[in-house]
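As the structure is a computational prediction, the values presented were derived from the model and not from experiment. All values below come from the heavy atoms of this structure, side chains included, with hydrogens, waters and symmetry mates left out.
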Amino acid sequence: MCGFIGLIRHEATELQQESINVFQRQNEMITHRGPDDEGYYHNEYISFGFRRLSIIDIDSGHQPLSYENERYWIVFNGEIYNYVELRNELIKDGVQFHTESDTEVILAMFHQYGTETFHQLRGMFAILIWDKEKETLYGARDQFGIKPLYYSKQPDGTYFSSEKKAITSILDAETVNREALQHYLSFQYVPEPYSLTEGVEKVEPGHFFTVKPGEDPTFTRFFHATFTPVDGEKSKWISRIQETLRNSVQVHMRSDVPVGSFLSGGIDSSIIVSLAKEFNPGIKTFSVGFDHNGFSEIDVAKETADKLGVENISYVISPEEYVQKLPKIMWHNDDPLADPACVPLYFVAREASKHVTVVLSGEGADELFGGYNIYREPESLKVFDSIPNPAKDLLRKVAHIMPEGVKGKSFLERGTTPLQNRYIGNAKMFEEDEKVDLVHQYNEQHPYQQITRPLFHNVNGQHAVNQMQYVDIHTWLRGDILLKADKMTMAHSLELRVPFLDVEVFKVAREIPVHYKIANGTTKSILREAAKGIVPEHVLNRKKLGFPVPIRHWLKNELYDWAKTLISESQTDYLLNKQVIHRLLEEHVVGKGDYSRKLWTVLMFMLWHQIFVERAHDIEDLRNEDKTMSKLTVM
């Protein structure tokens, strides 16, 4: 596990020490991703910088690593869980190894199979490989986007990095990508491949690229996450799920350092912990919550841990420290993310990092197995299937003129609007007509459907639930769920592993029929049945909470002054209409509507703007490791 930065120059260049020093400072911006080791490789075309967090094979994992008499050089961020099996196959073919690392296995495979290597890798990865003989740089990002990979074309060449800040640190100023901003205000995150900084984008998951000096990268998809249901007996599906998940957890626990697990009150993390305990009975678990009624799962997590016989370490987050850490969290995120659950994830990662170096977590279960409550919506809206289109149009007009908050308004709007025109994922913040008032120089050429329309086109005619899963796995999962998972754990030099997001698990999940996923009045029905006898009974059918955060209450009370000040002081007047934002805050406070999530979306953008555009915060202070003593409660 590590972070890296790479540069392929437009033309051969004799490097000066000043250029080397600048590149080294760029690499130091991501020290938190790998505090244990650093390394560099330079030639006339290529510069690689590397930061390492030691997990496995401490003595032989130094990077950049060379292979085949220095023909190949690699920097690699991630873990390959099938590297032992791949290594053994290569040895049978006569390949000799000098280390025990998965990094050398990647290079040996690349020498044998070229870009065909990437689809054979089971794990999480962002990779750069320089082939000195062909004078070509190759790169790849894992199938689901667990590990980030940014790139940017600059005057001296094309940069690649594990974090955007390593690239933008050399820019005189960051310019806001207005198209990305419009999308952010609807999605609450910046959808890939965009970033909010003009000129910086992300390599998309399941893609590799090639680039030669002076040329632009060429991208090729090597993995496409699609759902293709296959009929089968329920009992056989349950057996396949259990077997595949057990194997995935086992390989995800390969490590020479302590492995723990996050534990909430839900079924996903409970499955992971229950299976992990089979391989490590002494596994530690970690939970967080808030001292606000209905916004803490610590008690449920404690009950789960007690019944499994594992230790649980928990932490209660106050409103004051929640806000205090927001600038540091935003700096680590690189782009604004308005998911309030990002913050508790930061705190639970901080607590875990005091005890372990690797943690398991349940991300991906909802997208693969149909876990979001909104996936039940097609069933509840079936009544509209028999209504003629003219009548639907009339009902839609009626719903539109109904006042906000009136019972039935949302139901009518959703039932009379085609799925592809209303669904963008789990969180839709601002509608396009709202952004017209909010955003200066609003561009009608860039509605949020620009992101979702091609996705719906790919799954036209499929079951509505499969369509929603497909949209989520190509937007929400990578743009929100995995972004915060990676950034918040790496902020504390903690490696996060997600056994649900394993290619072998996906092979099973993609074939499960909808009627096994959405059944018995619940979501993830087949996964819940597979969990019987594995997890404690009390978590099997609990309502999904995730990381609930009392933002709605805090913005009326504890965080009101902070929010009002941030809106007033933010230098975003050239982008946003602040009158609209102030009005939303005041109407929220007096109870005219719950505008907390919309407000939070704007507030997080303003905070991002302060840090990266206005540069109103001390970067060194944001970089410093969080050494604050926490109030631990050992359960």
Side-chain angles (χ1 to χ4, degrees), residues 175-202 204 335-339 372 374 377-378 381 389 392-393 395-397 399-401 404 409-410 412-460 462 464 467-480 483 572 574-581 584 595 597-606 608-609:
T175 303
V176 175
N177 183 325
R178 288 177 179 262
E179 182 179 344
L181 173 59
Q182 281 192 198
H183 293 322
Y184 163 78
L185 290 169
S186 284
F187 287 88
Q188 84 168 6
Y189 57 86
V190 181
E192 298 187 1
Y194 298 95
S195 83
L196 205 56
T197 302
E198 193 72 53
V200 183
E201 295 189 2
K202 285 184 177 180
E204 294 197 69
D335 274 324
L337 176 62
D339 187 344
Y372 294 116
I374 199 169
E377 184 184 72
L381 296 179
N389 287 333
K392 284 184 183 179
D393 292 339
L395 287 172
R396 189 182 306 120
K397 292 176 182 178
H400 186 70
I401 62 176
E404 289 292 334
K409 176 182 172 68
S410 175
L412 285 176
E413 288 177 334
R414 289 179 286 119
T416 57
T417 305
L419 182 66
Q420 62 268 27
N421 292 339
R422 71 174 189 269
Y423 187 74
I424 70 170
N426 276 278
K428 181 192 284 185
M429 295 303 141
F430 290 93
E431 295 285 358
E432 294 306 312
D433 57 351
E434 294 175 308
K435 289 191 287 186
V436 170
D437 295 330
L438 175 62
V439 180
H440 294 315
Q441 299 179 29
Y442 170 84
N443 189 337
E444 63 181 10
Q445 299 300 313
H446 301 304
Y448 63 72
Q449 289 91 346
Q450 182 181 6
I451 302 297
T452 57
R453 190 180 297 115
L455 298 173
F456 277 109
H457 175 76
N458 291 342
V459 290
N460 184 42
Q462 294 188 21
Q467 291 187 48
M468 296 162 85
Q469 285 183 269
Y470 181 83
V471 169
D472 281 344
I473 207 168
H474 289 92
T475 55
W476 170 262
L477 178 65
R478 62 182 67 168
D480 183 305
L483 182 141
T572 53
Y574 71 106
L575 295 167
L576 301 177
N577 182 349
K578 285 189 177 181
Q579 289 183 337
V580 172
I581 306 165
L584 282 177
Y595 302 117
R597 296 300 299 274
K598 290 180 178 180
L599 283 165
W600 199 251
T601 300
V602 174
L603 290 167
M604 291 304 96
F605 167 69
M606 288 179 162
W608 176 87
H609 192 275

Residues, nucleotides or ligands: over 12 heavy atoms within 6.0 Å of His440 NE2: yes

NZ (Lys397) with more than 12 external heavy atoms under 6.0 Å: no

Is a side-chain donor or acceptor of [X] paired with a backbone partner of [Y] at a separation under 3.5 angstrom?
X      : Y      : value
Glu377 : Ile374 : no
Gln188 : Ala427 : no
Ser195 : Val200 : yes
Asp335 : Leu196 : yes
Glu432 : Tyr448 : yes
Ser186 : Phe430 : yes
Gln467 : Gln462 : yes

Tyr595: side-chain hydrogen bond (donor to acceptor under 3.5 Å, both in side chains) partners, not counting sequence neighbours: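 For Tyr595 there are no side-chain hydrogen bond (donor to acceptor under 3.5 Å, both in side chains) partners, ignoring immediate neighbours.
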
Test salt bridge (Lys or Arg N to Asp or Glu O under 4.0 Å) applied to Glu413 and Arg422, step by step: CA-CA 9 Å; Glu413 288 177 334; Arg422 71 174 189 269; over 6 Å; no

Validation row: Asn389, Lys392 side chains within 4.5 angstrom (heavy atoms): yes

Reported CG-to-OG1 distance for the pair Leu181 and Thr572, which is rounded to 0.5 angstrom: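 Separation between the atoms: 9.5 Å.
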
Parallel, tilted or perpendicular: rings of Phe187 and His183 (30°, 60°): perpendicular

Mutual orientation of the aromatic rings belonging to Tyr184 and Phe605 [parallel < 30°, tilted 30-60°, perpendicular > 60°]: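 Ring orientation, 0 to 90° scale: tilted.
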
